[in-house]
Amino acid sequence: MKDLNQQLQALKVIPVIAIKDAAKAVKLAQVLIENGLPCAEVTFRTAEAAQAIQNMREAYPEMLIGAGTVLTSEQVDQAIEAGVDFIVSPGFNPTTVKYCQQRGVTIVPGINNPSLVEQAMEMGLRTLKFFPAEPSGGAAMLKALSAVYPVNFMPTGGVNPENVKDYLAIPSVLACGGTWMVPNNLIDEERWDELAQLISEVAAIIG
Ligand code: 3PG
């Protein structure tokens, strides 16, 4: 079994999802898998996140599933219970990080400056989310951080088909997160063919 970093590196792009109706999760997972992206970061921005993760996990045990926008220890528990492979938070919250470490689940917290990278490193973390990537200085900022710190990054926030390759060209970048290939309205309206088209375009861009 590959470790999380190896899996992220192989996937290159992680769809960041806000799903309002957990009953749509299995079909969404199927469209992702069939079109070359067998992974999802399901965000706790909706009340159905944990149920959606559980539905995906039951249907596709091999899929790489993360919980995103995790802000509390309670959400960490819900995510683990639902069967996630890893946890993502938008910022660096030492309480959440410690709790994930106690529970033995990988956390990829968000950082966007050198001081936060160092605080994360002090807690033993070596894979961090660079968030929000574009407003925080984009690929140029990430190159500057990568020149200094022996850390891997997952940039997210403003990553799109035009700039994704700039990020992926940075050796410390494992994968980029993004919502652009999983727009909420296509999921809500069950426009699976259009979603499949967008996802397969991503797979083509990243080769
Ligand atoms: C996230 O939570 O990672 C971001 O909201 C994703 O950012 P994007 O919508 O710009 O891709």
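Atoms within a ligand are numbered from 1 in the order they appear, just like the ligands themselves. Everything numeric here is computed off the predicted structure, so don't read it as measured data. Only heavy atoms go into these numbers, but all of them, side chains included; no hydrogens, no water, no symmetry mates.
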In a simple table, one pair per line, please give the protein and ligand 1 atom names for every N or O pair closer than 3.5 Å, along with the distance.
| from | atom 1 | to | atom 2 | distance (Å) |
| --- | --- | --- | --- | --- |
| ligand 1 | 2 (O) | Arg45 | NH2 | 2.1 |
| ligand 1 | 3 (O) | Lys129 | NZ | 2.7 |
| ligand 1 | 5 (O) | Arg45 | NH2 | 3.1 |
| ligand 1 | 9 (O) | Thr179 | OG1 | 2.6 |
| ligand 1 | 10 (O) | Gly158 | N | 2.7 |
| ligand 1 | 11 (O) | Thr179 | N | 2.9 |
| ligand 1 | 11 (O) | Thr179 | OG1 | 3.2 |

Residue pair Gln9, Asn152: steps toward the side-chain contact (heavy atoms from CB on, under 4.5 Å) verdict: CA-CA 10 Å; Gln9 209 158 23; Asn152 287 116; 5.8 Å; no
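When each of Asp77, Thr72, Asn93, Ile87 is paired with Tyr99, the side-chain contact (heavy atoms from CB on, under 4.5 Å) condition holds for Asp77 and for no other.
Cluster membership for Val182 and Met56, using ILVMFWY side-chain heavy atoms within less than 4.5 angstrom, is shared.
Using modelled atom types and a 3.5 Å distance limit, the side chains of Asn55 and Gln51 yield a donor-acceptor pair.
Side chain of Arg45 to backbone of Ala18: no donor-acceptor contact under 3.5 angstrom is found.
Glu189 meets the side chain to side chain donor-acceptor pair (under 3.5 Å) test with Arg191; sequence neighbours excluded.
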